[in-house]
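Inspection log for the structure reproduced underneath, given as structure tokens.
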2 protein chains.
Amino acid sequence: MNMGLPIDKIVLGDAYDNLRSFPSNSVDLVVTSPPYADNRKNTYQGVPIDKYVEWFLPISGEIKRILKPKGSFVLNIKERAVDGERQTYVLELILGMKRQNWLWVEEYVWHKKNCYPGKWPNRFRDAWERCLHFTVQKDFTMHQDRLMQPVGDWAESRLKKLSATDKVRDESRVGSGFGKNVSNWVNRQMVYPTNVLHMATESYNRGHSASFPVSLPSWFIKLFTDPGEIVLDPFMGSGTTAIAAIRLQRHYVGIELSPNYYNLALKAIDKEISSCQRGLDIELAP
Amino acid sequence: MNMGLPIDKIVLGDAYDNLRSFPSNSVDLVVTSPPYADNRKNTYQGVPIDKYVEWFLPISGEIKRILKPKGSFVLNIKERAVDGERQTYVLELILGMKRQNWLWVEEYVWHKKNCYPGKWPNRFRDAWERCLHFTVQKDFTMHQDRLMQPVGDWAESRLKKLSATDKVRDESRVGSGFGKNVSNWVNRQMVYPTNVLHMATESYNRGHSASFPVSLPSWFIKLFTDPGEIVLDPFMGSGTTAIAAIRLQRHYVGIELSPNYYNLALKAIDKEISSCQRGLDIELAP
DNA sequence: GTTCCGCATGAATCGATAG
DNA sequence: ACTATCGATTCATGCGGAA
């Protein structure tokens, strides 16, 4: 097979079947949120819980082949609670992927600032999901400086407490210790993030289950790729990863089984591209 | 053995040895943060990574026996990153405890607002730890209403404007929750929390530090016990769980191997009790 | 009595160095 | 080679002394 990657395209079909036809060492980053395990039928791509690991491992095996040596695989997933218990298939999946010689580098937490409402007798609302970071080798690409963010409440609240006099004194008098320290604070406004990501979910009114927000794949795309590189999402859903890639001037490759989602993603991408051509939302990446 | 629980006492010695002598069905809640796996030697209670699960499972087995049927076991733990990879012993521990017939009800995330600094080529700072919630049976005790919190950012911003004195007074009254003066204006709208807990670590300028802040065991003690019930921490460390229990009018039982930490805990408890007896700010919990 | 700044201090992790 | 130790890096907090 190996007929080359369908760059900037979405393939309609099964993830594993199509991944097998993709060339090796050709993708810089894989970001995806696979269908979660579910025992109910008539659900979107529902995979039974007890078959989840054996269903996913062949897919992650193909991803390992397709990924470039210094590339990364970010897997957004969260196990369900069934019958009062958290299921263990995600834990078993991590162990299984380690047996496939994946390196489990890190587990990022996506803290969903606006999680679904609800009340149950045995648990609170679930406000977080795992973003598992796997690589092929210890030496991988990571552009940390791009994700530096404004410093937190600490410096902000302390800066606000500075009087106007203090700030003026800082400008006029550079030599004195006090003024110098203040200018240090003002200048050093950016810090590195942590492995906890605070992002709100996006609500689509169309009645489809909310996947991750554009900001989530965007964060990892900035972190693990350069502009012009290739991002693969084998479970494209409504096209969120493609939107993020387009906005950041990366190429995308998608696979989607459901014709319904496939069409949704195509529309979303069309809309995104046309809005770009109108010159509205263009930002220079990174 | 079964000579009765050493209520409101800390036992100096090994966790497993002492747990074996505790009576069955006698404790309402176990909250603990065991020593984390470590390959370095000469470390406080360091347990090698490859022996961690086999070291802990006998302990969790005893805990299951000692816990009352409707009780809970909250395990605060986080795997280390070694040689560029997250270790898997915590995942294996969860699977092992399920084989012990524990129910893995939930995984709470403790988001450490002030995490350890540092910069590495392959990861950001680690700002979260797991709080694994296990029970013996599906029907367990959970007092959700006690943990309702004010809704939204306006409450947070109001809290920040409180003077330091107000905050201290508030802390000593309820332990970690919201005090009287706060609740005056908080009574507008309360919501249930989620399974993501935002708490800063406590750092003492001198001496030893607590593994988790008092607010962490306090949160679970309020949630899973009534006043007068019994909280067990088989790795008491510097006594944080006991402090939380005392403030919330629960009984504590502790075990600690290191004489150094044992003495620290005794001192901390003495200090806590004497400040209570001086009549400062005691209110009836929950 | 407050408020506010300066400083020390962490359940960290990696790479280099030494044994 | 493999293990043990050390230095460099980094930032939100509490606390103490100063204003």
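Letters go in sequence order (proteins before strands), and every chain restarts at 1. Computation of the quantities below employed the complete heavy-atom set of this structure, encompassing side-chain atoms and omitting hydrogens, waters and symmetry-equivalent molecules. Since the structure is predicted, the reported quantities are computational estimates derived from the model, not experimental observations.
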Next item on the list: Identify, with sequence neighbours excluded, every residue that meets ring-ring contact (aromatic ring centres under 6.0 Å, His included) alongside A/Phe124.
Entry: B/Trp219
Note to self: Assuming nearest nucleotide by heavy-atom distance, tell me which of B/Lys78 and B/Gly84 is located more 5' along DNA chain C.
What the structure shows: B/Lys78
Note to self: Please enumerate all residues that pass salt bridge (charged side-chain N to carboxylate O under 4.0 Å, His left out) together with A/Lys70, with sequence neighbours excluded.
What the structure shows: A/Asp139
Note to self: Just to be sure I understand the rule, does A/Tyr192 reach a base, reach only the sugar-phosphate, or reach nothing, if contact means heavy atoms closer than 4.0 Å?
What the structure shows: sugar-phosphate
Margin query: Of the options D/dT9, D/dC11, C/dT13, whose atoms approach the side-chain atoms of B/Lys119 most closely?
Written below: D/dT9
Notebook entry, point to check: Between A/Gln144 (CD) and C/dC14 (P), how many Å, whole number?
Noted result: 11 Å
Check: Hey, are B/Thr88 and B/Glu79 close enough side-chain-wise for a donor-acceptor pair under 3.5 Å?
Finding: no
Checklist line | Residue list, salt bridge (charged side-chain N to carboxylate O under 4.0 Å, His left out) with B/Lys78, at least two apart or on another chain | finding: B/Asp126
Note to self: Which residues pass the side-chain hydrogen bond (donor to acceptor under 3.5 Å, both in side chains) test with B/Arg125, not counting sequence neighbours?
What the structure shows: none
Check: Out of C/dA12, C/dG10, C/dG15, which has the shortest distance to the side chain of B/Trp120?
Finding: C/dA12
Checklist line | Residue whose closest nucleotide on DNA chain C lies nearer the 5' end, B/Glu79 versus B/Cys115 | finding: B/Cys115
Notebook entry, point to check: Where the side chain of B/Asn114 is defined as all heavy atoms beyond and including C-beta, which of D/dA12, C/dG15, D/dT10 is the nearest nucleotide?
Noted result: D/dA12
Item checked: Closest to side chain of A/Val191, choosing from D/dT10, D/dC11, C/dG10 -> D/dC11
Item checked: Proximity to the side chain of B/Arg125 - top-ranked nucleotide from C/dT13, D/dC11, C/dG15 -> D/dC11
Check: Closest to the B/Asn122 side chain: C/dG10, D/dA12, C/dC14?
Finding: C/dC14
Check: Which salt bridge (charged side-chain N to carboxylate O under 4.0 Å, His left out) pairs, counting each pair once, include a residue from residues 105-115 of chain A, with sequence neighbours left out?
Finding: A/Glu106-B/Arg86, A/Glu106-B/Arg123, A/Glu107-A/Arg130, A/Glu107-B/Arg130, A/Lys112-A/Glu129
Checklist line | Dot-bracket line, read 5' to 3' along DNA chain D, where crossing pairs take [ ] and | marks a partner on another strand, Watson-Crick or G-U under 3.5 Å | finding: .||||||||.|||||||||
Notebook entry, point to check: Hey, does A/Pro193 reach any base, or is it just sugar-phosphate, or nothing, if we go heavy atoms under 4.0 Å?
Noted result: nothing
